[in-house]
Trainee: 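Got a structure for you, written out below as structure tokens; questions coming shortly.
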Amino acid sequence: MDEADDPPERTGDSTAPTDGPALAVRGLTKRYGDTVALDEVDLAVDDGEFVAVVGPSGCGKSTLLRVLTGLEERFEGRAAVDGVDVRDGGSDAVGMVFQEPRLLAWADVRENVAVGLPADVDPGDPAARDRVDGLIETVGLDGFAESRPGELSGGMAQRVSLARGLAYEPEVLLLDEPFSALDQLTKYEQQDNLLDVWRERGATVALVTHDVEEAAYLADRVVVLGGQPGTVETVVDVEADRPRERTDEALLTARREITDALGV
Amino acid sequence: MATTRETESGDVGAELVGALPDADRFQWLLGLVVPAALVVVWHLLVTTGVFAAHQLPQPLRVVETLYGMAATGELWGHIAITLQRVFFGTLLGVSVGVGFGTITGLYGLAHDLLDPLLQSLKNIPSLAWVPLFLLWFGIGEGAKVLLIAVGAFFPVYLNLSTGISNVSEDLIEVAEVYDLGRFESLRRVVFPAAVPSLLVGIRGGVGLAWMFVVAAELIAASQGIGFLLSDGRVLARPDIIVGSILLFAFFGNLSDLAVKEVEKRAVDW
């Protein structure tokens with residue numbers, strides 16, 4: 001556990017003002033064979049902060065999340081959650097909503113959401129069941145608790161996956177383009193849902209997206225990754241007050257900054 | 001139909017919905033048309049003398065023979081013992097197949113150690129085992145059940161093993177991210193995902209069990225449909241031979257339909 005004490009000291013000089021960042025990534029380099037997916041990436045996300053990561057496809061956005069969830073064991077540099085290295089169990093505090101729904105085809109929506117329940121919660125317990133049903137309602141799928149994924153549209157399936165991520169009650173929730181399959185109206189709705197959940201639970205959220213508007217609307221800070229291999233181009237602070245209006249002047253400014261950094 | 005669709009655009013949809021189930025209900029009858037025609041041709045070929053009656057009996061003669069044996073009760077003994085052999089052989093073969101399939105599907109080392117051997121054993125024809133099994137296990141029921149089990153084992157083993165090892169990496173990652181733990185991820189993700197492969201294997205296994213029961217009964221049995229078959233040859237009774245073949249066809253199909261029905265209910269997603 002020596003390592004656990006390490007990051008707060010080291011990150012004291014960067015962005016974390018008080019009790020150390022929830023997510024600390026330092027000099028992260030990830031290679032797949034000869035391909036460098038991420039090159040010396042630094043990222044610190046404070047407890048309760050909402051950070052968006054944007055970048056062109058192939059810049060390693062998803063790889064960054066995979067490292068943080070503990071799915072990639074081999075990398076150089078450091079990645080820690082609440083001061084615990086992701087390879088030493090730090091990833092247990094992380095919940096992930098994948099880009100694809102990744103649902104169990106044979107299980108109904110309720111059972112799929114229950115997969116996200118923490119290990120010490122018995123899915124058969126009435127309280128757990130209520131919580132699952134509540135989450136199904138939160139993502140706008142009430143009435144579909146007994147449906148199988150095959151009966152759902154792509155956007156609905158993605159929302160089941162979102163509910164599963166929320167059921168986990170993670171300290172850090174990672175989302176990999178969770179709204180990209182949704183139509184505009186549902187997307188707005190689910191973005192606001194996510195903000196509500198984030199506010200209620202005080203979770204730390206890192207959202208990967210290629211949607212500049214989404215990043216600016218949701219996040220406190222937007223990390224712009226640039227091209228191959230992925231490196232941090234710039235970090236844009238979104239200064240708009242919450243709750244935000246989508247037409248807020250400050251959001252437009254942030255969007256312009258992000259777009260400039262992306263070089264479009 | 002095309003013209004009605006164009007003219008009565010409004011009601012056609014409802015009409016079709018009402019009409020389709022009926023059409024579906026009788027569709028399977030189409031599968032009987034060709035066999036029925038063949039029986040008629042068969043009958044004509046024998047009665048016109050193209051085939052001699054001592055080589056191919058009339059269809060009705062076969063039915064009479066089977067009916068006669070059923071009436072005396074002789075037939076039921078043969079059917080019962082064959083069904084019993086197939087049942088226990090399949091049960092044993094499927095169980096062992098599930099064991100080996102699970103272990104080799106889950107553990108790469110077990111797969112690397114066992115799979116090459118099992119893959120080559122599966123290519124040994126059923127009849128080739130018979131002398132060895134007679135030598136080892138005698139001519140009792142045990143030898144026959146074991147031989148059938150060998151047949152039923154391989155499809156189950158092969159399908160389940162690949163089914164388990166090919167469970168989508170995406171779902172394994174979900175289990176990992178949500179900390180399901182080894183046991184829970186097997187129970188909730190890996191095994192359910194492999195159920196379709198298992199059932200495909202069982203279907204193949206039941207099919208092979210019928211192949212192997214013939215091998216076992218042709219050579220070393222005093223009862224059973226296979227014995228009846230070889231007895232028909234010894235007695236120069238083509239009606240018994242054809243009747244036995246038809247019995248195999250009937251029960252083989254019946255068991256296949258049963259497994260198919262289980263498959264349909266279990267894999268309904």
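Quick note on labels: first sequence line is chain A, next is B, and so on, each numbered from 1.
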Trainee: Are R148(A) and D268(B) close enough that some pair of their side-chain heavy atoms sits under 4.5 Å apart?
Mentor: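 The answer is yes; the side chains approach within 4.5 Å.
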
Trainee: Which one wins on heavy-atom pair count under 4.5 Å against chain B: R102(A), M96(A), E100(A), R66(A)?
Mentor: R102(A)

Trainee: Show the atom names and distances, to 0.1 Å, of all donor-acceptor pairs under 3.5 Å that link a side chain in residues 87-101 of chain B to residues at least two apart or in another chain.
Mentor:
{"residue": "T90(B)", "atom": "OG1", "partner": "V86(B)", "partner atom": "O", "Å": "2.6"}
{"residue": "S95(B)", "atom": "OG", "partner": "L91(B)", "partner atom": "O", "Å": "2.5"}

Trainee: Less than 4.5 Å apart, any side-chain heavy atom of R164(A) and any of V174(B)?
Mentor: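 Answer yes - side chains close enough.
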
Trainee: Give, as side chain, backbone, both or neither, the part of V115(A) having an atom under 4.5 angstrom from any heavy atom of chain B.
Mentor: both

Trainee: Counting heavy atoms not belonging to Y32(A), are there more than 12 under 6.0 Å from its OH?
Mentor: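 For Y32(A), atom OH is crowded (more than 12 foreign heavy atoms under 6.0 Å).
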
Trainee: Name the option with the most non-hydrogen atom pairs under 4.5 Å to chain A; the candidates are D170(B), L171(B), L180(B), V177(B).
Mentor: D170(B)

Trainee: V94(A), L104(A), L71(A): which one forms the most heavy-atom pairs within less than 4.5 Å of chain B?
Mentor: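 Of V94(A), L104(A), L71(A), L71(A) has the most heavy-atom pairs under 4.5 Å with chain B.
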
Trainee: Taking heavy atoms only and a threshold strictly under 4.5 Å, list by residue number the residues of residues 122-135 of chain A that touch chain B; give 'none' if the list is empty.
Mentor: P123(A)

Trainee: Examine whether an atom of E151(A) lies under 4.5 Å from a heavy atom of chain B, and if so say whether it belongs to the side chain, the backbone or both; otherwise answer neither.
Mentor: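 Interface part for E151(A): neither.
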
Trainee: To the nearest 0.5 Å, what is the distance between CG on L117(A) and CG on D179(B)?
Mentor: 12.5 Å

Trainee: For E173(B), is it the side chain, the backbone, both, or neither that has a heavy atom closer than 4.5 Å to a heavy atom of chain A?
Mentor: both

Trainee: Can you list the residues that meet the side chain to side chain donor-acceptor pair (under 3.5 Å) rule with S255(B), with sequence neighbours excluded?
Mentor: W210(B)

Trainee: Atom OH in Y168(A), atom OH in Y178(B): separation rounded to 0.5 Å?
Mentor: 8.5 Å

Trainee: Answer with side chain, backbone, both or neither: which region of L174(A) has an atom nearer than 4.5 Å to a non-hydrogen atom of chain B?
Mentor: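 It is neither, since no heavy atom gets under 4.5 Å.
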
Trainee: Among residues 186-208 of chain B, which residues come closer than 4.5 Å to chain A, judged by heavy atom distances?
Mentor: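 Result: R188(B), V189(B), P192(B), A193(B).
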
